[in-house]
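Here's the structure, in structure tokens; my notes come after.
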Amino acid sequence: MRTATLGPDERGAALARMAERELDVLVVGGGVVGAGTALDAATRGLTTGLVEARDWAAGTSSRSSKLIHGGLRYLEMLDFALVREALKERGLLLGRLAPHLVKPVPFLYPLQHRGWERLYAGTGVALYDAMSVSSGHGRGLPTHRHLTRKRALRVAPCLKKDALVGALQYYDAQMDDARYVTTIVRTAAAYGADVANRARVTGFLREGERVVGARVRDLEQGGEFEIRARQIVNATGVWTDDTQKLIAERGQFHVRASKGIHLVVPKDRIHSTTGLILRTEKSVLFVIPWGRHWIVGTTDTDWDLDKAHPAASSADIDYLLEHVNAVLSVPLTRDDVQGVYAGLRPLLAGESDATSKLSREHTVAHPVPGLVVVAGGKYTTYRVMAKDAVDEAVHALDRRVAECVTEDVPLVGAEGYKALWNGRARIAQRTGLHVARVEHLLNRYGSMVDEVLELVAADPSLGDPLTGAEDYLRAEVVYAASHEGARHLDDVLTRRTRISIETFDRGTRSAREAAELMAPVLGWDRSQVEKEVERYEKRVEAERESQLQPDDLTADAARLGAPDVQPI
């Protein structure tokens, strides 16, 4: 295995290697499915490349509800196969593949009708638990329980007394979605994949009908080059149709974008020891524990505007506040909202007029020789989607290729995590950090925590909290640039950390210090530091302005007022 470091030098070397030889598989798209596909291909012994036009998980895969779940509502749609598959994946991630990143989370489902609703919902949740256990990977979570109204209010005092007659409590799991994707990419690199973010595919190479490679522009160092591959996998999510247009071929299916927005509020605004799941007229609403915060979401509306920066409008925010306040004894206000983020779900088009009813199942197609397309699906089942995409690709390779092994390949940081967790008090004593800080680091880096602590040992000032974002150490900013592929300030404040949604100033107080910490690693001069800070501040300003607009059109226009990271 090679190093799992994604620093500037490793990125440059990976691009050079991809350009100088023909790969077995080139994956286009660095979201969770693309990253998973690269890991699957690399662990089958295939020479593999992965390119992403922006940052790892910059699109949908950093803007989800951050849940690993079976999809309880899909039981109501009688989609048992999808739920069973997702529950198996949930168990694998919790127990074997990523215990450092994926954690159990409890949810309370308030009952509003006596008798029939407890029977109906209770049967569904009982089936959910039974399917989890029968998958062979569901024994790591507590089973559901029935609660009286009095007991439910003890667990969640935030609820209005007249908002429920009783409740059910069950468990699912959660993770930091962007961090999870970066960890998959690092794992793929450790198993031999060449990976590069900020490398945009501008066209495909053809020999007759066959796609034989891609033209790629390096958006950091400049220049365009060709990467040849025997098979290319298009895993670009909501950009699938745009990528297909580069080969001037009509796709076998279309991907429809559905916007979901989330609000982040401080922990003390909602008095509860459990998450909440509430029904709305269109879908479901989650109130999800998130460290010292809650995430409230989500909406489900069509979106056909800018895909790179979907905007949350004032109407979106009001919708969530209205629905969550219907059950809260102390209502949330706009002033309570610390962060807002919007993402786009890639749904397969043509199955239903309402986006909330579109299937979350995925599709794999081979529209022309040499090109595989994978689309749809849900975050939890990314590994299955990746397996199916690589299975399709290897059919066209004229040699025998090993079967998928990712069910047994832990992500980097997983091996040894539990032992380190048990010894966290000793780590705290050795490093001088508070044990709560050590726990925070272990749940972000797992057994790679020593790499972060080595930075602190070499420069004790890196053991101090980052100004304006005390939950994070200064060392984590340096590590993001040196080991995790962060190329710009936005990458660190928005995806390697969650400072952009976890602070009322949206990270502007931390921006300059973070940029100055990144500068030596990435070779920035003073003018580049100023440019990064200015660009980030304008982004925050544009997002705030968009969230005051009444509808999608005006919100999109406001958000696009901020400059994006520009190609060289």
Side-chain angles (χ1 to χ4, degrees), residues 6-12 15 30 51-59 62-63 178 182 196-200 202 216-224 306-311 339 341 461-462 466-469 472-547 556-568:
L6 304 182
D9 292 343
E10 288 79 10
R11 177 186 177 277
L15 282 170
V51 291
E52 159 59 38
R54 297 191 294 159
D55 184 27
W56 307 121
S62 61
R63 307 177 191 186
T182 299
N197 55 354
R198 300 283 298 152
R200 183 187 302 279
T202 59
V216 176
R217 179 167 179 75
D218 182 352
L219 300 183
E220 290 296 305
Q221 303 301 321
E224 188 165 285
D306 180 67
K307 296 187 182 76
H309 305 292
Y341 65 93
S461 72
L462 297 181
L466 184 68
T467 300
Y472 299 95
L473 295 181
R474 286 160 49 88
E476 296 183 75
V477 175
V478 176
Y479 188 79
S482 64
H483 285 70
E484 296 182 328
R487 301 290 307 175
H488 294 279
L489 181 59
D490 184 69
D491 301 342
V492 171
L493 298 183
T494 307
R495 286 173 291 277
R496 302 307 183 278
T497 70
R498 292 303 188 162
I499 294 169
S500 66
I501 59 172
E502 292 176 347
T503 59
F504 277 109
D505 62 88
R506 310 281 173 98
T508 54
R509 282 185 60 210
S510 307
R512 182 165 301 280
E513 184 175 318
E516 290 172 347
L517 288 167
M518 297 172 69
V521 180
L522 299 176
W524 293 348
D525 58 18
R526 173 53 54 184
S527 66
Q528 182 66 26
V529 169
E530 295 299 327
K531 188 184 298 183
E532 293 283 334
V533 173
E534 180 184 6
R535 189 164 51 210
Y536 185 79
E537 289 175 343
K538 287 184 176 178
R539 173 213 143 138
V540 171
E541 182 182 345
E543 286 185 343
R544 287 188 186 278
E545 182 64 24
S546 71
Q547 290 154 21
D556 180 63
R559 176 60 185 88
L560 293 180
D564 203 354
V565 175
Q566 295 297 317
I568 292 173

Item to check | Check against side-chain contact (heavy atoms from CB on, under 4.5 Å), R559 and R539 | outcome: CA-CA 8 Å; R559 176 60 185 88; R539 173 213 143 138; 3.6 Å; yes
Next on the checklist: Before you tell me yes or no, could you show the steps for H309 and S546 under side-chain contact (heavy atoms from CB on, under 4.5 Å), namely the whole-Å CA-CA distance, both residues' side-chain angles and the distance that decides it to 0.1 Å?
Outcome noted: CA-CA 11 Å; H309 305 292; S546 71; over 6 Å; no
Item to check | Side chain to side chain, E532 and M518, heavy atoms closer than 4.5 Å | outcome: no
Item to check | Student check: side-chain heavy atoms of T503 and R509 closer than 4.5 Å | outcome: no
Item to check | Spacing of L489 atom CG and Q528 atom CD [to the nearest 0.5 Å] | outcome: 10.5 Å
Checklist entry - Taking atom types as modelled and ignoring hydrogens, do the side chains of E513 and T467 form a donor-acceptor contact shorter than 3.5 angstrom? => result yes
Item to check | Pair T497, E476: side-chain N/O donor-acceptor within cut-off below 3.5 Å | outcome: no
Checklist entry - Sub-3.5 Å donor-acceptor pair from the side chain of S62 to the main-chain atoms of G59, do we have one? => result yes
Next on the checklist: To the nearest 0.5 Å, what is the distance between OG1 on T182 and CH2 on W56?
Outcome noted: 8.5 Å
Checklist entry - Any side-chain heavy atom of L15 within less than 4.5 Å of one from R198? => result no
Item to check | Carboxylate-amine/guanidinium contact E537 R506, below 4.0 Å | outcome: no
Item to check | Donor-acceptor under 3.5 Å (R200 side chain, L219 main chain) | outcome: no
Checklist entry - What do the steps show when you test Y472 against E502 for side-chain contact (heavy atoms from CB on, under 4.5 Å), and what is the final call? => result CA-CA 11 Å; Y472 299 95; E502 292 176 347; 2.8 Å; yes
Checklist entry - So, N197 side chain and G30 main chain: donor-acceptor pair closer than 3.5 Å or not? => result no
Item to check | Worked check of side-chain contact (heavy atoms from CB on, under 4.5 Å) between L462 and L517 | outcome: CA-CA 9 Å; L462 297 181; L517 288 167; 3.8 Å; yes
Next on the checklist: Salt bridge or not between R495 and D490? Use side-chain N to carboxylate O under 4.0 Å.
Outcome noted: yes
Checklist entry - Side chain of E534, backbone of K531: donor and acceptor closer than 3.5 Å? => result no
Checklist outcome for this item: Interatomic distance, CD@E484 vs CG@L6, rounded to 0.5 Å, equals 8.0 Å
Next on the checklist: Return the OG1 to NZ distance between T508 and K538, rounded to the nearest 0.5 Å.
Outcome noted: 15.0 Å
Checklist entry - What distance do R496 atom CZ and D491 atom CG have between them, rounded to the nearest 0.5 Å? => result 5.5 Å
Checklist entry - Would you call H488 and Y536 a side-chain contact if the rule is heavy atoms closer than 4.5 Å? => result no
Next on the checklist: Could you tell me if Q547 and E543 have a donor-acceptor pair between their side chains, going purely by distance under 3.5 Å?
Outcome noted: no
Checklist entry - Any sub-3.5 Å donor-acceptor pair from R63's side-chain atoms to A178's backbone N or O? => result no
Next on the checklist: As an exercise, state the distance from CD of E530 to CZ of R512, rounded to the nearest 0.5 Å.
Outcome noted: 4.0 Å
Item to check | Salt bridge E541-R544, side-chain N to carboxylate O under 4.0 Å | outcome: no
